[in-house]
Amino acid sequence: QRHPIVALDGPAGAGKSTVTRRVAAALGLLYLDTGAMYRAVTWLMLDQGLDLADEPGVAEVLSQSEIRLEPGTLDPAAPWDLPPVRVWVNGQEVTAAIRTPEVTARVSRIAAQAAVRSALVQQQRRYGKTGGIVAEGRDIGTTVFPDAEVKIFLTASIQERARRRQQDLINQGQGTVDLGQLEAEIGERDRQDSSRSVSPLIKAPDALELLTDGLTIEAVTDRIVALYRDRV
Ligand code: C5P
């Protein structure tokens, strides 16, 4: 017997992390950012100077390493701009280091490797063993928690996702990046995530697809919270 699980999947830039954290706070559940785990593995391999295409080498290093996420609990009254979840690799904090453009550009290559996925999925299932969590990623509803009570597939048009990403970068003081370039980068990550052979990004048949173009974070959060209260 476990508590309910909410699975939130979707492509890069659909607003998943903000929405996941708001939903978790509103429902008093833990949240699990599985993308942060793939990013942490990517950071580790770059830090070790490993050839990312060397799959046995990557698997070997990963088997000797520890990826740790802070248990994500949130105060519902917390401000909108929540800090990202804290992450450690072999005891070293990498919370900021896993968000650099270098890691972002390479993470899909690591996430396509079967050995990496099976190790991380196992760890994610351990985090979700007793339920009571909202997990976000690409394969939560299909692979990690196929029996989740609530499954959402969050999307937005590529133009909208590029606009949001541009605004995030401006807010972070990183200046203005060309929209066309951002659309190309997001499109490339979508292509890699959807076309890989192991656990590709696809909507679970029983997931509710929410297109968030023109919707506020509050509106999307309210929809999911209402769905949860309806189901659970
Ligand atoms: O969500 P975020 O953008 O941080 O995820 C980074 C990358 O990690 C994705 O582009 C994808 O390649 C990979 N990922 C995955 N499966 C998950 C979560 C993330 O393959 N469940």
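Only heavy atoms go into these numbers, but all of them, side chains included; no hydrogens, no water, no symmetry mates. Order of appearance sets the numbers: ligands from 1, and atoms from 1 within every ligand.
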Dump all N/O pairs between ligand 1 and the protein below 3.5 Å as a table: atom names plus distance, one pair per row.
{"from": "ligand 1", "atom 1": "1 (O)", "to": "Arg138", "atom 2": "NH1", "distance (Å)": "3.1"}
{"from": "ligand 1", "atom 1": "3 (O)", "to": "Arg39", "atom 2": "NH2", "distance (Å)": "3.3"}
{"from": "ligand 1", "atom 1": "3 (O)", "to": "Arg138", "atom 2": "NH2", "distance (Å)": "3.3"}
{"from": "ligand 1", "atom 1": "3 (O)", "to": "Arg189", "atom 2": "NH1", "distance (Å)": "3.1"}
{"from": "ligand 1", "atom 1": "4 (O)", "to": "Arg39", "atom 2": "NE", "distance (Å)": "2.6"}
{"from": "ligand 1", "atom 1": "4 (O)", "to": "Arg39", "atom 2": "NH2", "distance (Å)": "3.4"}
{"from": "ligand 1", "atom 1": "10 (O)", "to": "Arg138", "atom 2": "NH2", "distance (Å)": "3.4"}
{"from": "ligand 1", "atom 1": "10 (O)", "to": "Arg189", "atom 2": "NH1", "distance (Å)": "2.8"}
{"from": "ligand 1", "atom 1": "10 (O)", "to": "Asp193", "atom 2": "OD2", "distance (Å)": "2.9"}
{"from": "ligand 1", "atom 1": "12 (O)", "to": "Ser108", "atom 2": "OG", "distance (Å)": "3.4"}
{"from": "ligand 1", "atom 1": "12 (O)", "to": "Asp193", "atom 2": "OD1", "distance (Å)": "2.7"}
{"from": "ligand 1", "atom 1": "16 (N)", "to": "Arg117", "atom 2": "NH2", "distance (Å)": "3.0"}
{"from": "ligand 1", "atom 1": "20 (O)", "to": "Arg117", "atom 2": "NH1", "distance (Å)": "2.8"}
{"from": "ligand 1", "atom 1": "20 (O)", "to": "Arg117", "atom 2": "NH2", "distance (Å)": "3.4"}
{"from": "ligand 1", "atom 1": "20 (O)", "to": "Arg196", "atom 2": "NH1", "distance (Å)": "2.9"}
{"from": "ligand 1", "atom 1": "20 (O)", "to": "Arg196", "atom 2": "NH2", "distance (Å)": "3.1"}
{"from": "ligand 1", "atom 1": "21 (N)", "to": "Thr34", "atom 2": "OG1", "distance (Å)": "3.0"}
{"from": "ligand 1", "atom 1": "21 (N)", "to": "Arg138", "atom 2": "N", "distance (Å)": "3.1"}
{"from": "ligand 1", "atom 1": "21 (N)", "to": "Asp139", "atom 2": "OD1", "distance (Å)": "2.8"}

Check your understanding: Looking only at heavy atoms, what is the nearest atom pair of Arg189 and Ala12, with distance?
Key ->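 Minimum heavy-atom contact is NH2-CB, 3.3 Å.
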Check your understanding: What heavy-atom pair brings Ala148 and Ile5 nearest, and what distance separates the two atoms?
Key ->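 Closest pair (atom of Ala148, atom of Ile5, distance): CB-O, 3.6 Å.
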Exercise for review: To the nearest 0.5 angstrom, please state how far the CD atom of Gln166 sits from the CD atom of Glu183.
Suggested key: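 It comes to 10.0 Å.
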Review point. Given Asp33, which of Arg21, Arg86, Arg138, Arg99 fulfils the salt bridge (Lys or Arg N to Asp or Glu O under 4.0 Å) condition?
Key: Arg99
Review point. Under a 4.0 Å N-O cut-off, is there an ion pair linking Arg2 with Asp147?
Key: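 A salt bridge links Arg2 with Asp147.
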Check your understanding: Salt-bridged, Arg161 to Asp190, with N to O below 4.0 Å?
Key -> yes
